[in-house]
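Heads up: numbering here begins at 1 and tracks the sequence. Note that these values count all heavy atoms, side chains included, but never hydrogens, waters or copies made by symmetry.
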Amino acid sequence: MPHMAIEYSASLDAKVDMGKLCALVSRTILDTGLFEPGAVRVRAFRAEAYAIADGLPENGFIDMNFRIGKGRSAEEKKRAGEAIFAAVTDHLAPLFATPHFALSLEIREIDAELSWKKNAIHPRLRGK
């Protein structure tokens, strides 16, 4: 159940290819070896309305919210977070060359008793 939601400011439209960023994050999640391929979801949501810091129009942000199921140690979660954050930071290096960009990542563990899922992709991928 690793689901990454990437929220980003509309000011980044011309600066970041969100499809490429989602693909990078997906590969990085899988490369950790901690998650099944059939469970990984990465999606981006454009924020049309936002206010950032001092209100300059060139300010931009990306906020990543990574929801995962229970079953990984604190060390494994930290390793996954560090890998994702490093890959995205490297990918977005040009944005950090300006004083107008903020990046954040949070990992949230989902309570299994309060989460319902049905996945027809797992059987197909597990059968390989």
With side-chain contact (heavy atoms from CB on, under 4.5 Å) as the test, would you mind laying out the steps for Leu21 and His91 before giving the verdict? CA-CA 8 Å; Leu21 183 64; His91 184 75; 3.8 Å; yes
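Across all their heavy atoms, Val40 and Ser26 have their closest contact at CG1-OG, 3.8 Å. The two residues Ile29 and Pro2 make their nearest non-hydrogen contact at CG2-CB, 4.4 Å. The two atoms that bring Thr28 and Ala87 nearest to each other are OG1-CB, 3.6 Å, heavy atoms only. Taking all atoms of both residues into account, the shortest heavy-atom contact from Thr32 to Ala83 is CG2-CB, 4.4 Å.
When the salt bridge (charged side-chain N to carboxylate O under 4.0 Å, His left out) test is applied to Glu109, the partners found at least two apart in sequence or on another chain are Lys77. Annotation: side-chain hydrogen bond (donor to acceptor under 3.5 Å, both in side chains) contacts of Glu48 (sequence neighbours excluded): Arg46. Not counting sequence neighbours, Glu7 has no partner by the salt bridge (charged side-chain N to carboxylate O under 4.0 Å, His left out) test. Residues meeting the side-chain hydrogen bond (donor to acceptor under 3.5 Å, both in side chains) test with Ser104, sequence neighbours left out: Asp63. For Glu113, the side-chain hydrogen bond (donor to acceptor under 3.5 Å, both in side chains) test picks out no residue, with sequence neighbours left out. Shown here are the ring-ring contact (aromatic ring centres under 6.0 Å, His included) partners of Phe101, two or more places apart in sequence or in another chain: Phe96. Under the side-chain hydrogen bond (donor to acceptor under 3.5 Å, both in side chains) criterion, Arg79 pairs with no residue at all, not counting sequence neighbours.
At least one side-chain heavy atom of Asn65 sits less than 4.5 Å from a side-chain heavy atom of Arg108. Taking 4.5 Å as the limit, some side-chain heavy atom of Ile6 sits within range of a side-chain heavy atom of Ile62. When side chains are defined from C-beta on, Glu58 does not count as touching Thr98, because their heavy atoms never get closer than 4.5 Å. No side-chain heavy atom of Asn59 sits under 4.5 Å from any side-chain heavy atom of Ser9.
Through side-chain heavy atoms spaced under 4.5 Å, either directly or across other Ile, Leu, Val, Met, Phe, Trp or Tyr residues, Leu56 is tied to no other residue. Hydrophobic cluster membership of Phe61, counting Ile, Leu, Val, Met, Phe, Trp and Tyr whose side-chain heavy atoms lie under 4.5 Å apart directly or via other members: Tyr50, Ile52.
Both Met18 and Leu105 are assigned to one and the same hydrophobic cluster, defined by single-linkage of ILVMFWY side chains at heavy-atom distances under 4.5 Å. Residues Leu30 and Val25 are members of one and the same hydrophobic cluster, defined by side-chain heavy-atom contacts under 4.5 angstrom among Ile, Leu, Val, Met, Phe, Trp and Tyr.
Looking only at distances, a side-chain donor or acceptor of Thr89 sits under 3.5 Å from a matching main-chain atom of Phe85. The main-chain N or O of Leu34 is found under 3.5 Å from a side-chain atom of Arg72 such that the two form a donor-acceptor pair. In terms of modelled atom types and a separation under 3.5 Å, the side chain of Ser115 and the main chain of Asp111 share no donor-acceptor contact.
Taken from OG in Ser11 to NE2 in His100, the straight-line distance is 10.5 Å, to the nearest 0.5 Å. In this structure, CG in Leu12 is found 6.0 Å from CG in Leu95, a value given to the nearest 0.5 Å. Here CD1 of Ile110 is found 6.0 Å from NZ of Lys117. Values are rounded to the nearest 0.5 Å. Atom CE in Met4 sits 14.0 Å away from atom CZ in Arg41 (nearest 0.5 Å). Taken to the nearest 0.5 Å, the CD1 atom of Ile84 stands 6.0 Å off from the CD1 atom of Ile107.
Residues in residues 1-29 take part in no ring pair (Phe, Tyr, Trp, His ring centres under 6.0 Å) pair, two or more places apart or across chains. Residue pairs that meet the ring pair (Phe, Tyr, Trp, His ring centres under 6.0 Å) test with at least one member in residues 18-44, sequence neighbours left out, are Phe35-Phe66. Pairs passing the salt bridge (charged side-chain N to carboxylate O under 4.0 Å, His left out) check and including a residue from residues 17-34, sequence neighbours excluded, do not occur.
Other residues, nucleotides and ligands contribute over 12 non-hydrogen atoms within 6.0 Å of the CD atom of Glu106.
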